[in-house]
Amino acid sequence: MEPMSKPARVRFAPSPTGHLHVGSIRSGLFNWLWARHTGGVFVLRIEDTDQARLVDGAIDQINDSLEALGITPDEGPRGGGAFGPYLQSERLDTYRHFATKLQDVGALYPCWCTPERLSELRIAAQIAGVAFKYDRFCLNPKNAKRLSDPHVLRFRIPEIPSIITWEDAVRGHMEFKIEELDDFVALKSDTFPTYHLANVIDDHLMEISHVLRADEWLPSTPKHLLLFEAFGWEKPMYAHLPPVQGPNGKKKLSKRDGAESVGEYIAAGYLPEALMSFLASFGWNDGTTQEVYSPTQLVKNFTLDRIQKSPAKFDKDRLTWMNGLLIRQMPLSELLERCRSFWPPTAAHH
């Protein structure tokens, strides 16, 4: 893909439900590289609507990790910006406002079904060997209750078109059968939005042009595209990134495989630019045999069409090799300066 004539607005939108490890922050790096390559804007948005799973200190750790790598957001909770607030928990009135708009046109409808009823439906689907789909019980007027009673708002999946398609910047042409989609919950009974609703509203209001995210979100993309259509909004370009797997290439990267935080690696003596070059290799290369890049080279060479579809393997030995190479290439005066924080305090002279 050639450099765009229009600068990209991209976002990294982690949930503060745990500390980010280096595999997770790869998505942040790819977004930052695309923003810098196109002369655009890199936004940090914190998706903290799942209040039950929040972890103390996680938001600071996300910010600190990005800054330690040198991929500081242009807009976000720390630096502000024209499209804030950047914490979703501070945007609840906005989500309710837009949910009401969808309810007014019949795209969202109230559902009073109890967790017990839904559980019975799921068990029945499991026994029948079919995927669970809500049976639209509450769409029948005779099953309606008062709006003052606890309820959620579900998105009504349209019958037409029968297939939803999109061009993914990494995966190419994608198709999904509408009949396989469930009338998902958009607004919970506590009036907090689900991920799907908040994500689409924020991407529109923050004028996000490209959504670069892990491919685990591929099944959610049809839901998001239908929400964009229901609102009548222009859709962003999606680019789903390959998963980062452990060294054996058989399972998702875990702490046991070396999935530590950026801060832990830097404290252990790894250079931020070595980490950046290493993370960039998780599913991307520029078609050459070059293995180690400076941040400037990465920005210049990074394009979406060079992102690979196949999973990337985490190899800590390769990171150590990259780090050693960059240390040996560093001017001695700079190396001396960088080593200072690792030395014990000098004892006072007597």
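Only this structure's heavy atoms are used, side chains among them; waters, hydrogens and symmetry mates stay out.
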Side-chain ion pair, Asp74 and Arg9, N-O less than 4.0 Å: no
Less than 4.0 angstrom from a charged side-chain N to a carboxylate O is my criterion; do Asp64 and Arg78 meet it? yes
In a table with atom names and distances, give each donor-acceptor pair under 3.5 Å that connects a side chain of residues 154-163 to protein atoms at least two apart or in another chain.
from   : atom 1 : to     : atom 2 : distance (Å)
Arg154 : NH1    : Asp183 : O      : 2.7
Glu159 : OE2    : Arg136 : NH1    : 3.0

Proximity of Trp233 and Phe98 rings by center, below 6.0 Å: yes
is_close_aromatic(Trp284, Phe302), centroid dist under 6.0 Å: yes
Is there any salt bridge (charged side-chain N to carboxylate O under 4.0 Å, His left out) pair reaching into residues 230-242, and which pairs are they, with sequence neighbours excluded? Glu229-Lys235
What's the separation between atom CZ in Phe42 and atom CZ in Phe12, rounded to the nearest 0.5 Å? 6.5 Å
Do any side-chain atoms of residues 117-133 form donor-acceptor pairs under 3.5 angstrom with protein atoms, and if so which ones, sequence neighbours left out?
from   : atom 1 : to     : atom 2 : distance (Å)
Arg117 : NH1    : Asp135 : OD1    : 3.3
Arg117 : NH2    : Asp135 : OD2    : 2.6
Lys133 : NZ     : Glu179 : O      : 2.6

Going by atom type alone, with no hydrogens or angles, which donor-acceptor pairs under 3.5 Å involve a side-chain atom of residues 218-228 and a protein atom two or more places apart or on another chain?
from   : atom 1 : to     : atom 2 : distance (Å)
Thr221 : OG1    : Arg213 : NH2    : 3.0
Thr221 : OG1    : Trp217 : O      : 3.3
Thr221 : OG1    : Leu218 : O      : 3.3
Thr221 : OG1    : His240 : NE2    : 3.1
His224 : ND1    : Arg213 : NH1    : 3.3
His224 : ND1    : Arg213 : NH2    : 3.2
His224 : NE2    : His196 : ND1    : 2.9

Over-ring placement of Arg340 relative to Phe342, 6.0 Å and 45° cut-offs: no
Sorted by chain and residue number, the side-chain hydrogen bond (donor to acceptor under 3.5 Å, both in side chains) partners of Glu291 (sequence neighbours excluded) come out as Arg318
Quick one: side-chain hydrogen bond (donor to acceptor under 3.5 Å, both in side chains) partners of Asp203, sequence neighbours excluded? Arg11, Arg45
